[in-house]
Amino acid sequence: MKPLEGAFLWGSIALYVATFVASMLSSLFRSPRARTAVAWCWPAALGLHLAAGLTRWTATGHAPVMYAYENSLSGSFFVGLIFFFVARRWAQALRALPVAVAAVLLILGNGLMSPARLSPLEPPFRSAWLVVHVLFAWVAFGSFLVASVIAGLYLRGERRARLEGSAAPAILDDICGRLITLGFAGDTVMIASGAIWAHGLWGRYWAWDPVETWSFITWLIYGVNIHLRFTLGWKGRKAALLALFSVITVVVTFFGIGVVSEVHTQLLR
Amino acid sequence: MIGVRARKALFVLASRRFAVLTMVTMAGVLSLSALVPDLDTLEPSRVDDLLRASPLLVWIGRHLRPRDIVGSPLFLLLPLYLCAGIGYSLLQRVRAERKRGRGPSPGADRFRTERRFQVAAPFDGISLERQLRREGYEVISSGPDHVDAARGRRGFWGSIAFHVGLILILIGVIASIWTRFGGEVMLAEGFRIPFAVRSMFNVSGKSRFTARVPSEIAIRDFTAEYSPAGTPSDYAVILSVQRGGDVVKEQQVRVNQAFWWDSYQITLHRYGFAPALTASGPDGRVRLDGVAMLQLLPPGREDALRLEDGSRIVVRLYPDFVRIRGEPASRTLAPVRPVLLFRWVDEKGREVAAGSVERGARTAINGYTVAFPSLRYWGGFIVARDLGLWLFVVGSLLGSIGLAFRIVFPDQLIRTSWQPGGGAVEVRIRAGTRFFPALHEEQLDRLVSRVRMEGR
Ligand code: HEM
């Protein structure tokens, strides 16, 4: 990692932490100062996060899409960005900011545990499919993750509404559904482009390796989400709980495959 | 009687509930199997340990491997059922769509809402119509006191395209299971081999490999580029198909840039060094004169070349030779200073000569001579032919575009009417949507405020 990238990255991490603290203070004490701090720190954190990615892009000559560190750098950025757009458009979502920021920090932290050395794009990655595949992968990943954050927020709001006898925050339910649809579209393009790319590389488009199998499981599970929501009328609590559980497949697909094997080897000790 | 039963069964099969159940079953079985890594990749002793720790995991690992599950006839029934179910549901939906003609989609007023507001007279509805068209609505009917509009027709066809795409993908996957052929060939620069199954290894799929016209393949001019750190950054080679010595097709091939011949895709998959070697014994008789194909990684990896008389030469190639604390090593993977270390072992397993030879040199030890005149490359190519691929590609494209249309054009309906009042016009909007009612309320509020702005 170049010093400039490091400065941007750690700057953004500091600002994310500040956003997290300020947003907690804002929701706990309804402090206007904390709200102002969020309004400044959050976009600045995203800006520095983007700058870190771009600095790395310039240094390596390729988009940050290789190995765990780069994937965490870009994946967490997409989570932050998608949540940013959602919360700008629907202020009701803003209450989930601490959770969204915590998710960004967790993904970044996970990436920082792997080496961040600069390396040129390896020959298999030199393909136009890479751009399509990775871009849509992050759209899918970000949308699904943010959808689950919104689902969590909905469940909290719904519980409170039930206790108070008021209306459940239906808009959050709809935002969650929308994000799932967007994520599913991204996932479809991600899987299709990845498969076509794989055929060009290895002479087969699908081999049921763990990554492929888990991607397919994720896609099926979100297909189920969509069917239940849109053709069988699931909404509210049930749909939100399903969205929350479905995100487990996303986490396993993007980060957990190694962990699953790790658990397995643990059993051998 | 049978007709009624069959129809009932069909109804259940084509029901969305059953489709969901099938998808959940597929996901469930696959996730169970994907939890346990392939036992073939573990050492037997570790499998034994695992067997002691958790027999269930081993059972899953042995009997529920994703590859085997999806290849099993029972699992194949699921996509087949999905195909049939989707196909039946598509037919019904298209039929209903044709019946409805220009009217709104029947589901478009699933969630209804209403707005009433006033705008300054005169109000002729033109601004409203303009706003609606801008938002993708098609006007169904309009008059001096009303405008009715709907959107979502493109979304409907998007949904149909998406499900047709799914059917193509499912058929494609099944077609691949039945028709895919795959194999690997290894080719050294300057050599020609028949383009046929007998030249291949790792052959998979029932061997339907019958190149229509007998031909041979060859490679030349392998180029490999290395990064400053010495790792390979790119590699390419010119591949040609020849018939009777004449080149029929020639093209540069690199990773991600395949060669197509006779509906077979040939991809450069890996490569390594191919040193030209000659070896002769103390009697002067040449025992070896050819090219060895050695693996690139790790440098110095041992490989044995068997000779006719039962003896063998064990070689290790260092492309960028150095000695570090007396031990041979390679600075990089680039062939900057290739040196071959060899051990000649006779048929009884005794080492009779050991030494090193640099590119362009010869070394004689105990009367055994090894010469290393040149270093070439070899390429490993995957040959594949898969008729299901094309269905998969077309299905994916259709599915992705269809889904995008479905998202962009939701099923919605608007009926507006207005009546002039004293100096103002009261506008009434009754709207309906199929999905996302709360978001629809917002959209409607925005539309109302825009119409009021224009009416001012
Ligand atoms: C027997 C199997 C299936 C049947 C009968 C079926 C039927 C349907 C129907 C009737 C709709 C509602 C469309 C509309 O009203 O506009 C729908 C939507 C949808 N289905 Fe399926 N489907 C099946 C399998 C699948 C599978 C395997 C997937 C992928 C995982 C899938 C993904 C979707 C999606 C994403 C939508 C929402 C977008 C749209 O409306 O097209 N379906 N399906």
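Letters A, B, ... are given to chains in the order of the sequence lines, protein chains preceding strands, and every chain is numbered from 1.
Neither the backbone nor the side chain of I401(B) comes within less than 4.5 Å of any heavy atom in chain A. In this structure, chain B has a heavy atom under 4.5 Å from the backbone of A207(A), while its side chain stays farther away. F436(B) touches chain A through backbone and side chain together, each having a heavy atom under 4.5 Å away. Only the backbone of R229(A) comes within less than 4.5 Å of a heavy atom of chain B; no side-chain atom from C-beta onward does. At a 4.5 Å heavy-atom cutoff, the contact between L232(A) and chain B is made by side-chain atoms alone. Heavy atoms closer than 4.5 Å to chain B are found in both the backbone and the side chain of T231(A).
For the set N256(B), L21(B), V255(B), the entry with the most heavy-atom pairs within less than 4.5 Å of chain A is N256(B). Contact count versus chain B (heavy atoms, under 4.5 Å) is highest, among G200(A), A170(A), P169(A), A195(A), for G200(A). Note: L201(A) leads T218(A), T188(A), L201(A) in heavy-atom pairs under 4.5 Å with chain B. With chain A as partner, the option from T267(B), L389(B), I407(B), D386(B) having the largest number of non-hydrogen pairs under 4.5 angstrom is L389(B). Between chain B and the residues S193(A), A185(A), A128(A), the most heavy-atom pairs under 4.5 angstrom are made by A185(A).
W219(A) and F184(A) have parallel rings, their planes meeting at less than 30° on a 0 to 90° scale where 60° marks the start of perpendicular. Under the 30°/60° scheme for interplanar angles, the aromatic rings of W260(B) and W390(B) are found to be tilted.
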Worksheet item: Are R254(B) and E225(B) close enough, and set up right, to give a salt bridge (Lys or Arg N to Asp or Glu O under 4.0 Å), and what steps lead you there?
Response: CA-CA 12 Å; R254(B) 44 161 42 95; E225(B) 285 165 23; 5.2 Å; no
Worksheet item: When you look at R93(B) and S159(B), which way does the side-chain hydrogen bond (donor to acceptor under 3.5 Å, both in side chains) test go after all the steps?
Response: CA-CA 10 Å; R93(B) 287 167 66 198; S159(B) 167; 2.5 Å; yes
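Contact detail for Q265(B) and A258(B): the closest heavy-atom pair is CG-CB, 3.6 Å.
Test F216(A), F144(A), F230(A) against Y222(A) for ring pair (Phe, Tyr, Trp, His ring centres under 6.0 Å) and you get one pass: F144(A).
Put simply, OG1 on T181(A) and CG on N225(A) are 9.5 Å apart, with the number rounded to the nearest 0.5 Å. For the atom pair OG (S396(B)) and CG (L166(B)), the distance works out to 9.5 Å, reported to the nearest 0.5 Å.
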